[in-house]
2 protein chains.
Amino acid sequence: MKTDTYKDLPNGDRQIVDFQIPGDFLGLRSVLLHTSDHSIEPITDIEVSEISADDLIDAFSKNQRLATAVLWAASRDEAMVVEHLIDLGRRNAIERLAHFLLELGSRLTLIGTGNTTGYACPLTQYHLADALGLSAVHVNRALRQLREKGLVTFQNGRVNFDSYDRLVAFAGFDPAYLDQKGPFLP
Amino acid sequence: MKTDTYKDLPNGDRQIVDFQIPGDFLGLRSVLLHTSDHSIEPITDIEVSEISADDLIDAFSKNQRLATAVLWAASRDEAMVVEHLIDLGRRNAIERLAHFLLELGSRLTLIGTGNTTGYACPLTQYHLADALGLSAVHVNRALRQLREKGLVTFQNGRVNFDSYDRLVAFAGFDPAYLDQKGPFLP
DNA sequence: CGACACCTTGAAACCCCTCAACGACTGTGG
DNA sequence: CCACAGTCGTTGAGGGGTTTCAAGGTGTCG
């Protein structure tokens with residue numbers, strides 16, 4: 001159902017780069033690069049189909065729409081990483097958490113497993129910490145603040161948006177970068 | 001000669017996502033996405049050629065190697081953003097700076113305007129601050145520490161590697177993600 | 001010379017981390 | 001059935017990295 005892509009660091013820390021939900025590519029980034037220094041970890045049970053790099057590239061020659069669609073997927077992945085980058089660079093812990101929970105909600109809504117009320121979220125606070133560049137302890141405190149502000153509650157594997165609109169305003173969340181209309185095909 | 005891609009935030013901060021050097025695509029990310037919420041800013045005089053999204057997509061149908069090469073470029077861009085993400089998430093200010101200066105050095109070396117001795121660098125400390133998620137004041141202090149450690153000197157528009165090997169070790173820099181061998185073409 | 005951009009330094013405050021401890025829950029083996 | 005280990009969540013105290021505020025210095029360019 002869900003996985004995450006991460007990189008381990010020499011000092012034992014790790015940084016989660018992004019999470020994948022049903023319908024997402026896994027490891028698209030490394031198809032053409034000679035290196036793949038990231039690891040993928042399942043969070044829940046998953047179901048995957050494999051496609052070889054050669055086949056994928058080969059298919060480009062036969063179908064230009066496929067090439068375009070794959071490039072679109074790669075661009076969208078990168079846009080998410082960029083937004084994630086902005087999280088880490090210029091938002092504090094509580095804003096990061098708010099923004100992250102909203103982004104995941106938007107993505108899950110698109111595939112029908114979430115809405116503005118909330119969604120099922122199998123992540124632990126340690127996952128959030130590794131994704132957001134925080135300590136697990138601080139994630140806990142930040143989640144409490146969000147709860148006490150009446151914005152969002154994350155408990156028992158569920159995210160509940162207590163006040164979706166106020167949360168969006170608080171986090172400065174604009175889902176445009178998720179490009180939920182799909183690839184532009186001529 | 002150089003540009004940077006950044007995003008302004010509501011509170012007046014901004015986050016630089018990456019820098020472009022000669023030979024790089026500008027705005028590839030937004031070709032297929034409906035949105036382009038990033039801005040591009042010239043740092044030095046630049047020379048660009050324009051290519052329309054339609055022409056690019058159209059070319060995919062005629063030349064599969066081109067589609068592959070463009071996807072490779074997008075993947076490489078993303079790999080750099082990912083490494084940048086790890087910088088912000090799990091490295092402190094001085095390691096971030098060291099890693100960043102090494103990455104830029106590697107990229108410039110590839111196009112022949114740098115080596116392990118150093119390179120010309122037209123960035124201000126404010127650029128570094130916006131890229132690395134730090135305050136300009138702290139960038140200044142961190143640069144001083146790197147200088148006093150005898151690792152690298154950044155002054156008067158030049159980066160001098162005082163001890164390249166020790167700097168690489170200090171920053172944990174591994175240029176593999178830059179994939180400097182170019183796209184894998186069957 | 002004045003305006004401006006950039007660099008430098010100090011002091012105080014703040015955000016977040018580390019360390020430490022404990023409670024709730026789950027699964028496991030005796 | 002119960003003791004035990006393991007994972008996850010929660011909370012407190014103390015310390016450190018970084019920010020903000022403030023001021024002054026240098027260089028360039030009109």
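The basis for the numbers below is simple: all heavy atoms, side chains too, and nothing from hydrogens, waters or symmetry mates.
Here Ala136(A) lies out of heavy-atom contact (under 4.0 Å) with every strand. In this structure, Ser135(B) reaches the bases: a heavy-atom distance under 4.0 Å links it to at least one base atom across the strands shown. Among the protein residues, Gly133(B) comes within range of the sugar-phosphate backbone only, with heavy atoms under 4.0 Å from sugar or phosphate atoms but none that close to a base.
Contact annotation: Gln125(B) side-chain N/O to dT8(C) OP1/OP2 distance is under 4.0 Å. Contact between the side-chain N/O atoms of Asn140(B) and the OP1/OP2 oxygens of dC7(C) is not found at any separation under 4.0 Å.
A donor-acceptor pair shorter than 3.5 Å cannot be found between the side chains of Asp54(B) and Ser52(B). A donor atom on one side chain and an acceptor atom on the other are not found under 3.5 Å apart for Asp13(B) and Gln15(B).
In this structure, Asp13(B) atom CG and dT19(D) atom P are separated by 10 Å, rounded to whole Å. Taking atom CZ on Arg144(B) and atom P on dG25(D), their separation rounds to 17 Å, with Å as the unit. dC15(C) atom C1' lies 17 Å from atom CZ of Arg91(A), rounded to whole Å. Taking atom NE2 on His138(A) and atom P on dT11(D), their separation rounds to 14 Å, with Å as the unit. The distance between atom CD1 of Ile43(A) and atom C1' of dT7(D), rounded to the nearest whole Å, is 16 Å. What separates CZ of Phe154(A) from C1' of dT10(D) is a distance of 14 Å, to the nearest Å. Rounded to whole Å, the distance from NE2 on His127(A) to P on dC8(D) is 8 Å. Remark: P of dT7(D) and CG of Asn156(A) are 20 Å apart, rounded to the nearest angstrom.
Comparing Arg147(B) and Arg141(B) by the nucleotide of DNA chain C whose heavy atom lies nearest to each, the residue mapping closer to the 5' end is Arg147(B). Taking for each of Arg90(A) and Val137(A) the nucleotide of DNA chain D with the nearest heavy atom, the 5'-most of the two is the partner of Val137(A).
Side-chain N or O atoms of Glu41(A) include none that pairs as donor or acceptor with a backbone N or O of Thr5(A) at under 3.5 Å.
Side-chain heavy-atom separations under 4.5 angstrom define the hydrophobic clusters, and the remaining members of the one that includes Val81(B) are Leu9(A), Val17(A), Val81(A), Val82(A), Leu85(A), Ile86(A), Leu88(A), Leu9(B), Val17(B), Val82(B), Leu85(B), Ile86(B), Leu88(B).
Taking the centre of each ring, Phe100(A) and Phe19(A) come in below the 6.0 Å mark.
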